[in-house]
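Structure record follows, encoded as structure tokens.
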Amino acid sequence: QVQLVESGGGLVQAGDSLRLSCAPSGGTFSSYVMGWFRQAPGKEREFVAASNWSGGVTTYGDSVKGRFTISRDNAKNTVYLQMNSLKPEDTAVYYCAAGPSVLQLRRGFGSWGQGTQVTVSS
């Protein structure tokens, strides 16, 4: 299975934008659904976004719809999460995941990265 590495997290102010990146090692994204999840202390893991790498079909969690965008750069073999209009409630560790379907990712299966911290100050 592929190994994933997230990057791009950091500290920003409310209303700012941030772009996270996810790159694989030991394989490519061609046969995997890619997803972004987040988890804040004391809260359950939350689905953020997912993309079919081959077809470009995307879905989003209700809390980020209209603000976040998942995209790909096939030349760089990288998946991105563009986060706009950030809110303090977006503060969490963000994880990149790869698996055979969105359903299985949401159930916690597949390959997961180590996470990257996003902190949004008010």
Side-chain angles (χ1 to χ4, degrees):
Q1 62 182 17
V2 300
Q3 305 299 127
L4 306 177
V5 179
E6 305 97 334
S7 62
L11 174 63
V12 298
Q13 295 183 345
D16 286 351
S17 298
L18 201 62
R19 189 180 72 168
L20 307 182
S21 300
C22 175
S25 62
T28 69
F29 292 138
S30 61
S31 299
Y32 292 91
V33 170
M34 303 300 302
W36 287 97
F37 296 77
R38 66 187 184 185
Q39 188 165 29
K43 296 184 178 180
E44 296 181 346
R45 184 182 298 109
E46 180 183 13
F47 171 73
V48 175
S51 173
N52 182 321
W53 180 256
S54 296
V57 179
T58 61
T59 61
Y60 297 92
D62 290 339
S63 63
V64 306
K65 192 173 298 182
R67 298 188 298 121
F68 291 10
T69 303
I70 186 170
S71 62
R72 77 174 78 87
D73 187 329
N74 291 328
K76 297 180 179 180
N77 196 27
T78 302
V79 173
Y80 303 98
L81 182 68
Q82 178 66 45
M83 305 183 292
N84 298 328
S85 302
L86 283 163
K87 306 174 181 179
E89 62 192 280
D90 295 318
T91 296
V93 177
Y94 283 70
Y95 297 92
C96 180
S101 69
V102 175
L103 177 61
Q104 292 197 33
L105 291 180
R106 298 188 69 157
R107 290 176 172 175
F109 296 101
S111 299
W112 294 74
Q114 82 288 348
T116 184
Q117 177 71 48
V118 173
T119 303
V120 184
S121 62
S122 60

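Numbers here simply count residues along the sequence, with the first being 1.
Distance check, rounded to the nearest 0.5 Å: CD of Glu44 to CD of Gln39 gives 8.5 Å. The OG atom of Ser21 lies 8.5 Å from the NZ atom of Lys76; values are rounded to the nearest 0.5 Å. For the atom pair Leu105 CG and Phe47 CZ, the distance stands at 8.5 Å (nearest 0.5 Å). The CG atom of Asn52 sits 11.0 Å away from the OG atom of Ser101 when rounded to the nearest 0.5 Å.
Considering only heavy atoms from C-beta on, Trp36 comes within 4.5 Å of Val79 through its side chain. The closest side-chain heavy-atom distance from Leu4 to Met34 is below 4.5 Å. In this structure, Gln117 and Thr91 have side chains that are in contact, with non-hydrogen atoms separated by less than 4.5 Å.
Sorted by first and then second residue, the ring-ring contact (aromatic ring centres under 6.0 Å, His included) pairs involving residues 78-122 (not counting sequence neighbours) are Phe37-Trp112.
A salt bridge is absent between Asp90 and Lys87: the closest approach of a Lys/Arg side-chain nitrogen to an acidic carboxylate oxygen does not fall below 4.0 angstrom.
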In a table with atom names and distances, give each donor-acceptor pair under 3.5 Å that connects a side chain of residues 8-20 to protein atoms at least two apart or in another chain.
from: Asp16; atom 1: OD2; to: Gln13; atom 2: N; distance (Å): 3.2
from: Ser17; atom 1: OG; to: Asn84; atom 2: OD1; distance (Å): 2.9

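Put simply, the side chain of Gln114 gets close to the backbone of Glu6: a donor and an acceptor are under 3.5 Å apart.
The shortest heavy-atom contact between Ala50 and Val102 is CB-CG2, 3.8 Å. Residues Arg67 and Ser85 share a closest heavy-atom pair of NH1-O, 3.1 Å.
Just one residue in the list Val120, Val118, Val64 forms a side chain to side chain contact (heavy atoms under 4.5 Å, CB included) with Met83, and that residue is Val118.
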